[in-house]
Amino acid sequence: QVQLVESGGGLVQAGGSLRLSCAASGRTFSTYVMGWFRQAPGKEREFVAAITWNGGSTYYADSVKGRFTISRDNAKNTVYLQMNSLKPEATAVYSCAARRGSGYYTVPLFYDYWGQGTHVIVSS
């Protein structure tokens with residue numbers, strides 16, 4: 001069982017930056033693939049980024065490539081999402097997710113554990 005708690009959301013102007021954190025409970029965090037997803041009002045949840053269990057590989061949605069960076073610190077049981085050059089369309093609830101194993105996943109269905117989410121609002 002893994003519990004995930006996101007933090008770092010808030011209000012930022014377009015062009016600004018935010019760093020989201022996702023703290024995980026348990027001693028097996030390093031065995032989990034981690035992902036970030038977002039859900040804007042009235043829209044479906046969409047994949048943002050994922051990182052393999054050892055941080056060796058990262059994957060991004062085309063819409064955030066070059067601006068967002070996912071990373072993890074297994075010693076701190078934490079995964080991060082650095083978001084730069086934010087655009088108003090990035091406004092959403094951002095959630096982290098975990099799945100035990102290797103590889104990476106862009107589909108929410110394949111993740112077993114989810115955090116409650118943190119709100120990000122980008123003003124124009």
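Everything numeric in this text was worked out from a predicted model, so none of it was measured.
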[atom1]-[atom2] distance between [X] and [Y], expressed to the nearest 0.5 angstrom:
X	Y	atom1	atom2	answer
Ser124	Gln13	OG	CD	9.5 Å
His119	Ile121	NE2	CD1	8.0 Å
Ser30	Asp73	OG	CG	11.5 Å
Gln1	Asp112	CD	CG	10.0 Å
Leu109	Arg99	CG	CZ	9.0 Å

Can you give me the closest heavy-atom contact between [X] and [Y], atom names plus distance?
X	Y	value
Gly117	Val93	CA-CG1, 3.9 Å
Ser17	Ser85	OG-N, 4.3 Å
Ser123	Leu11	CB-CD1, 4.3 Å
Tyr104	Ala50	CB-CB, 4.2 Å
Glu6	Ser95	OE2-CA, 3.3 Å

Run the numbers on Tyr59 and Thr106 for side-chain contact (heavy atoms from CB on, under 4.5 Å), then give the verdict. CA-CA 9 Å; Tyr59 306 90; Thr106 63; 5.6 Å; no
Just wondering, are more than 12 heavy atoms of other shown residues or ligands nearer than 6.0 Å to CD in Gln116?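 No.
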Is it the case that atom CD in Gln3 sees more than 12 heavy atoms from other parts of the structure closer than 6.0 Å?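 No, CD of Gln3 has 12 or fewer neighbouring heavy atoms, counting only those of other groups under 6.0 Å.
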Cluster membership besides Leu4, Ile/Leu/Val/Met/Phe/Trp/Tyr side chains within less than 4.5 angstrom, sorted by chain and number, is Val2, Val12, Leu18, Leu20, Phe29, Tyr32, Met34, Trp36, Val48, Ile51, Tyr60, Val64, Phe68, Ile70, Val79, Leu81, Met83, Leu86, Tyr94, Tyr113, Val120, Val122
Aromatic plane relationship, Phe37 with Tyr111 - under 30° parallel, 30 to 60° tilted, over 60° perpendicular: perpendicular
Short question: side chain of Arg72, backbone of Thr52 - any donor-acceptor pair under 3.5 Å?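 A pair under 3.5 Å: yes.
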Ignoring hydrogens and geometry, is there a side-chain-to-backbone donor-acceptor pair from Asn74 to Trp53 under 3.5 Å?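 At least one qualifying donor-acceptor pair exists.
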Taking the side chain as every heavy atom from C-beta outward, state whether Arg38 and Ser63 have any pair of such atoms under 4.5 Å apart. yes
